[in-house]
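The figures here come from the full heavy-atom set of this structure, side chains too, leaving out hydrogens, waters and symmetry mates. Both counts, for ligands and for their atoms, begin at 1 and track the order of listing.
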Amino acid sequence: MTHTIVFGNEKGGTGKSTLAMHVVVQLLRQGNSVGVIDLDSRQRSVTRFLENRQAYAEGHDIELPQPAWLAPLASKRRDAQADADAEEQANLQQALEQLKPVADFLVIDCPGGHTHYAQLAHALADTLVTPLNDSFVDLDLLGQVSADTFEVTRLSHYAEMVWQSRKFRSASELPPMDWIVTPNRVGQLNSRNNERVEGVLSALRKRLMFRFERGLSERVIYRELFVSGLTLMDLAEIPGEGLTRLSHLAAREEVRRLVDRLRLS
Ligand SMILES: Nc1ncnc2c1ncn2[C@@H]1O[C@H](COP(=O)(O)OP(=O)(O)OP(=O)(O)O)[C@@H](O)[C@H]1O
Ligand SMILES: [Mg+2]
């Protein structure tokens with residue numbers, strides 16, 4: 001049985017692809033076989049990361065664990081929405097058929113926006129990971145909460161979509177989805193210390209049934225390694241590299257901790 005992990009939310013630039021890359025490499029380093037589907041056919045961040053990784057391994061004549069990956073194209077049909085949707089569904093189905101037999105874990109990276117691909121992927125999620133920027137504003141991405149009573153007054157389109165995905169899974173007798181919301185780029189002045197944020201989060205968590213896990217801090221190293229296709233989990237294994245700085249060790253630990261907290265096994 002392949003465990004499918006989907007990285008999604010409707011807002012762009014919150015860290016879906018960055019987190020996805022780190023989870024992929026951590027799972028590979030734990031000895032798992034991993035398949036990746038990059039559904040962001042415009043930016044192709046994960047694809048570019050994996051291409052950089054391959055080039056680094058070849059250029060330095062070293063072995064780096066790699067996933068099997070596919071990047072299905074978005075339909076170019078503009079004349080009939082139903083046909084475009086059917087084409088994308090077939091593309092995704094083909095990717096699943098190719099990767100599932102060879103993967104313990106399947107990681108799907110969604111584009112930041114409401115797309116048909118993203119909708120299909122959410123229904124496939126055994127685990128859904130939604131990174132948010134560590135700010136009060138981003139909580140609106142899930143729903144609105146009354147400032148006085150902390151009652152949830154309105155769910156976002158995205159939360160409704162996750163709800164529909166859960167209903168679909170239940171009707172199809174698939175295991176329930178485990179939804180993890182995680183703040184990314186957590187700074188020194190962590191806004192979670194704010195009591196109001198705690199109140200809002202707690203109301204949303206109860207209503208939407210997600211787990212809240214501390215995510216990655218704001219660190220330059222997460223951006224820097226992209227061009228070489230490496231992660232902190234690789235550095236210690238590469239001759240001449242290594243983890244020399246305390247901050248890098250701390251970063252590797254926070255990635256490992258988050259992957260543990262996803263409870264994927
Ligand atoms: N923890 C972090 N620390 C520092 N920079 C980060 C961190 N997480 C992500 N970034 C940077 O933020 C930018 C957006 O991240 P990323 O591309 O992963 O987001 P995304 O949600 O996949 O975006 P999109 O919705 O456009 O696909 C990138 O430049 C990335 O390097
Ligand atoms: Mg992305």
Side-chain angles (χ1 to χ4, degrees), residues 5-26 36-53 67 69-74 106-122 125 127-135 137-142 156-158 161-162 179-192 212-235 245-259 261-262:
I5 311 149
V6 173
F7 289 81
N9 68 24
E10 280 185 5
K11 186 171 173 184
T14 58
K16 295 177 287 298
S17 304
T18 302
L19 262 182
M21 296 165 207
H22 283 81
V23 170
V24 166
V25 175
Q26 173 65 358
V36 173
I37 301 181
D38 183 357
L39 290 180
D40 192 347
S41 52
R42 262 172 190 272
Q43 298 199 69
R44 302 170 73 246
S45 311
V46 172
T47 300
R48 280 174 46 225
F49 170 80
L50 293 171
E51 286 168 354
N52 294 345
R53 187 173 174 85
W69 86 87
L70 292 169
L73 295 175
L106 183 65
V107 170
I108 304 182
D109 187 36
C110 292
H114 181 72
T115 65
H116 186 237
Y117 267 147
Q119 222 173 325
L120 294 173
H122 279 66
T127 300
L128 171 64
V129 182
T130 300
L132 301 179
N133 282 316
D134 188 34
S135 81
V137 177
D138 257 20
L139 288 175
D140 252 25
L141 184 83
L142 303 173
S156 68
H157 291 304
Y158 182 69
M161 197 257 273
V162 175
W179 186 13
I180 294 111
V181 171
T182 176
N184 184 36
R185 311 185 75 157
V186 179
Q188 293 287 321
L189 292 169
N190 185 348
S191 56
R192 278 206 75 212
F212 187 83
E213 293 293 348
R214 193 195 154 92
L216 308 188
S217 310
E218 166 75 38
R219 294 179 196 270
V220 178
I221 188 75
Y222 292 130
R223 288 200 294 271
E224 279 179 350
L225 288 175
F226 178 83
V227 282
S228 42
L230 299 175
T231 68
L232 293 145
M233 282 75 74
D234 299 302
L235 287 186
R245 293 183 22 202
L246 265 182
S247 63
H248 293 176
L249 282 167
R252 186 178 66 175
E253 279 322 297
E254 73 182 2
V255 175
R256 285 180 172 170
R257 181 192 171 277
L258 180 61
V259 177
R261 297 299 302 158
L262 295 183

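In this structure, the protein non-hydrogen atom closest to atom 19 (O) of ligand 1 is G15 N, 3.0 Å. The closest protein non-hydrogen atom to atom 31 (O) of ligand 1 is R223 CG, 3.0 Å. The closest protein non-hydrogen atom to atom 8 (N) of ligand 1 is N184 ND2, 2.9 Å. T18 OG1, 3.4 Å is the protein heavy atom nearest to atom 9 (C) of ligand 1. Given atom 25 (O) of ligand 1, the protein heavy atom at minimum distance is K16 NZ, 2.8 Å.
Under a 3.5 Å cut-off, the side chain of S17 and the backbone N or O of V46 do not form any donor-acceptor pair. Listed for the S217 side chain is no donor-acceptor partner under 3.5 Å among the backbone atoms of R219. Between the side chain of N9 and the backbone N or O of T130, no donor-acceptor pair lies under 3.5 Å. Under the 3.5 Å distance criterion, the side-chain polar atoms of Y117 are left unmatched by any main-chain donor or acceptor of P111. Looking at N52, its side chain does come within 3.5 Å of a backbone N or O of F226 through a donor-acceptor pair. In this structure a side-chain-to-backbone donor-acceptor pair under 3.5 Å is present from S156 to L141. A donor-acceptor distance shorter than 3.5 angstrom exists from the side chain of D38 to the backbone of T47, with no hydrogens or angles considered.
For the residues Q43, R42, E218, R185, the heavy atom positioned nearest atom 13 (C) of ligand 1 is part of R185. Heavy-atom proximity to atom 2 (C) of ligand 1, evaluated over S217, P183, G13, A251, is greatest for S217. By heavy-atom distance, the residue among E224, R219, K11 lying nearest atom 3 (N) of ligand 1 is R219.
Remark: atom 28 (C) of ligand 1 lies closer than 4.0 Å to no protein heavy atom.
Interatomic distance, L106 CG to T127 OG1, rounded to the nearest 0.5 Å: 11.5 Å. Separating the CZ atom in F49 from the CG atom in L230 is a distance of 7.0 Å, to the nearest 0.5 Å.
The contact set between ligand 1 and Y222, taken as ligand atoms under 4.0 Å from a residue heavy atom, comprises 1 (N), 2 (C), 3 (N). Residue D40 has at least one heavy-atom neighbour below 4.0 Å for each of these atoms of ligand 1: 27 (O). Interface of T14 with ligand 1, defined as ligand atoms under 4.0 Å from a residue heavy atom, comprises 19 (O), 20 (P), 21 (O). Of all the atoms in ligand 1, the ones that sit under 4.0 Å from a non-hydrogen atom of G112 are 25 (O). With ligand atoms numbered from 1 in the order given, ligand 1 contributes 25 (O) to contacts under 4.0 Å with heavy atoms of G12.
Contacts with ligand 1 closer than 4.0 Å are made by no heavy atom of V220, backbone or side chain. Neither the backbone nor the side chain of D109 has a heavy atom within less than 4.0 Å of ligand 1.
Proximity of G113 to ligand 1 is not established, as no heavy-atom distance is less than 4.0 Å.
Comment: D40 does not engage K16 in a salt bridge, judged by the lack of any side-chain N to carboxylate O separation of less than 4.0 angstrom. The pair R257-E254 does not meet the salt-bridge criterion, since no charged nitrogen lies less than 4.0 angstrom from a carboxylate oxygen.
Among the backbone and side-chain atoms of S45, no N/O/S atom is found under 2.8 Å from the Mg ion (ligand 2).
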